[in-house]
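In what follows, a structure is listed as structure tokens, so that the remarks can point back to it.
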2 protein chains.
Amino acid sequence: MRCAPKLAPASSLAAFALDDFESRSGSAASVVRTIAGLYLRHQSAPIPRPRAIELACAAGISSPAAQTAISRLIDRGLLEPVQTGELTVTAPAKAMFARGNRRIFTPRNMSNADHWVLVAFSVPESLRALRHQLRKHFIQLGGGLVSAGLWIFPEYLHAEVLEVLNALEARRYATLFVAQSPQYPGDARQAAAQWWDLAKISKLHHAFLATTAGLDAASAGEHIAYRSYVTLIDAWRAIPYLDPGLPEAMLPESWPGQESRQRFLEISESCKVRAQRYASLLLGR
Amino acid sequence: MRCAPKLAPASSLAAFALDDFESRSGSAASVVRTIAGLYLRHQSAPIPRPRAIELACAAGISSPAAQTAISRLIDRGLLEPVQTGELTVTAPAKAMFARGNRRIFTPRNMSNADHWVLVAFSVPESLRALRHQLRKHFIQLGGGLVSAGLWIFPEYLHAEVLEVLNALEARRYATLFVAQSPQYPGDARQAAAQWWDLAKISKLHHAFLATTAGLDAASAGEHIAYRSYVTLIDAWRAIPYLDPGLPEAMLPESWPGQESRQRFLEISESCKVRAQRYASLLLGR
DNA sequence: TCAATTTCTTGGCGAGCGTCACAATACTGA
DNA sequence: TCAGTATTGTGACGCTCGCCAAGAAATTGA
């Protein structure tokens, strides 16, 4: 019998039931993880380890870095060796990838008329760690902090908020409301700037735009398209989580969100098919 | 020039802009106040003081008690002597009575589908008195406390909540949401029992039911009808303020609200016209 | 595998909020 | 007007909140 995948003490279990962003985008670990989510998870047959490494190398990762990255994903329980030198994506990882799919590839924006989800919670001081966890995951989900103990989300995140609460076994400490038309003291932009860390989110977008600036791979070959696509997804992946996609009326003057989103959709559209073909080519060898 | 009406230091000003319940129902002061709201305020001509006293006596108040009660209402600025021995209801008092009219005489009940108003507020520690005021008026308005700093009201109280916030100059510290379908940890009844002081509200209803138990004045004369009606209104007046009229799904097993409300409507219907006629009779003398 | 760096967890801190108790005030009825 | 009573305003307390910093742990690339 094989050893169970090693899990970090507290958070990884929840992170697995939820979603994690434990590697920095652009790093070898992150890119391999992206590749796993994009291609490996759809393979029904086990993948020979050299093929996986080739996929990573083709995306610009050095061979030894890819080696270690894969080993570490095995340790984390995302990948699983089935035979000597062959790998599969584990079931919980597949589920996790599937959950993230819609959010990443069809990022949503709110309109001014969209509704909200409010979460009012109060946990006793004895469970302080839980509070921290909740705050962390709420931020990671795109939540804003209205006032102490009251969080706000776009309504399209309703289900995911409940998932967080359930996964952390905090459902009993929270009350949810579906709300419309908030009436703040000032205007909408003031409220948004107070509830969300817009500076941080803006930085994410600018980093994405910088990373993907030279990625016009419309007329390049399949290899370049593949590499561009993986880079794109890897740089993009976390953004639709942290950015709630606030309606235009709540955002500051020059907000990079729209440009960023458009860039993603354009390059994605332009590279996706050829990237897939190239990945299949490597995997099918 | 006459002295301005004496006002208590802080609260009466706000209470005048809002509504006050500074006298206990059933007391002479309260009954005279009820009579002022029911009849005196509709008189265009000044009312001779003896007539006002007769109205109070006819409702079961002793003559000297009526005297002092009227004097005190003058001190409070609700009544105003225009000539020697003649009275009018002051303009702000008329406005206050008018505001209370709909709430008292057409008490509302929520249905299970009705929406809510959420008020999230946060005031700095330096304005602690304001916090107390807010809490007091929110309770007096039928609000429930969801968690620290988050109050909930039936949506039909939306305007009145805003009035409280404006009158206390607290608009800038509060954010309002119109919400639907709260999702509590437990069931609806548990949530209501936690958010509102249902025991206190229940006591109010039972007190009302006890006071109005023997008031079947359907076939009595105009005097009895008048007396019953004033007693009824006086005993009832505060209830629609403190009771939000929660939907049936949120109330405990044996809730007196429905019976109480029905009793009010029945006796009101049965006595109103005759009571009015009797009051006109006394006033027209 | 290993060291540098970054993250994350953990505990302390100040602030906001409701509750409670007490003193001052206001109300009540004779 | 006056004494008895109830209510209200005020301050202290405990709880929970987010924030911050230091220590622990994990991640990263070679």
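Throughout, a chain's letter reflects where its sequence line sits, starting with A, and its residues are numbered from 1.
- At a threshold of 4.0 angstrom between heavy atoms, the contacts of B/Ala29 are confined to the sugar-phosphate backbone, with no base atom among them.
- Closest contact between the side chain of A/Arg72 and the listed nucleotides C/dC17, C/dT1, C/dG18 involves C/dT1.
- Contact between the side-chain N/O atoms of A/Lys136 and the OP1/OP2 oxygens of C/dT7 is not found at any separation under 4.0 Å.
- The side chain of B/Trp151 places an N or O atom within less than 4.0 Å of a non-bridging phosphate oxygen (OP1 or OP2) of C/dG18.
- A/Glu160 has no carboxylate O lying under 4.0 Å from a charged side-chain N of A/Arg99, or vice versa, which leaves the two without a salt bridge.
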Chi angles and distances behind the side chain to side chain contact (heavy atoms under 4.5 Å, CB included) call for B/Ile201, B/Asp197: CA-CA 7 Å; B/Ile201 298 173; B/Asp197 189 344; 5.6 Å; no
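- Within 3.5 Å, no donor on the side chain of B/Arg128 pairs with an acceptor on the base of D/dG9, nor the reverse.
- The nearest whole Å value for the distance from the CD1 atom in B/Ile70 to the P atom in C/dG29 is 14 Å.
- Atom P of nucleotide C/dT9 and atom CD1 of A/Ile139 are separated by 13 Å, given to the nearest angstrom.
- Residue contacts shown for B/Ala69 are absent, as no nucleic acid heavy atom lies under 4.0 Å away.
- Per the geometry, CZ belonging to B/Arg33 stands 14 Å off C1' belonging to C/dC27, to the nearest Å.
- B/Gln67 places its CD atom 16 Å from the C1' atom of C/dT28, with the value rounded to the nearest Å.
- Note: NE2 (B/His132) to P (C/dA24) measures 18 Å, nearest angstrom.
- Taking only side-chain nitrogens and oxygens, A/Gln133 comes nearer than 4.0 Å to OP1 or OP2 of C/dT9.
- Comparing C/dC27, C/dT28, D/dG29 against the side chain of B/Arg76 picks out C/dC27 as the nearest.
- Side chains of A/Ser25 and A/Asp234: a donor-acceptor N/O pair is absent below 3.5 angstrom, by distance only.
- Comparing B/Arg135 and B/Thr68 along DNA chain D, the residue whose closest nucleotide (by nearest heavy atom) sits nearer the 5' end is B/Thr68.
- With C/dC17, C/dT10, D/dT16 as the candidates, the nucleotide lying closest to the side chain of A/Ala129 is C/dT10.
- Nearest to the side chain of A/Val123, among D/dC17, D/dT10, C/dC17, sits D/dC17.
- For the pair A/Gln183/B/Thr175, no side-chain contact is recorded, criterion being any heavy-atom separation below 4.5 Å from C-beta on.
- A side-chain donor-acceptor contact under 3.5 Å links B/Arg41 to the backbone of B/Gly37.
- Ranked by how close their nearest DNA chain C nucleotide is to the 5' end, B/Glu125 and B/Ser62 are led by B/Glu125.
- Mapping B/Pro64 and B/Phe121 onto DNA chain C by nearest heavy atom places B/Phe121 at the nucleotide closer to the 5' end.
- A/Thr90 and A/Arg76 share no side-chain donor-acceptor pair at under 3.5 Å.
- Rounded to whole Å, atom P of D/dC19 lies 11 Å from atom CD of A/Gln194.
- Nearest nucleotide to the B/Ser122 side chain, out of C/dC17, D/dG29, C/dA26: C/dC17.
- Straight-line distance from the CG atom of A/Leu127 to the C1' atom of D/dC17: 14 Å, rounded to whole Å.
- Rounded to an integer number of Å, the gap from CD1 of A/Ile152 to P of D/dG18 is 15 Å.
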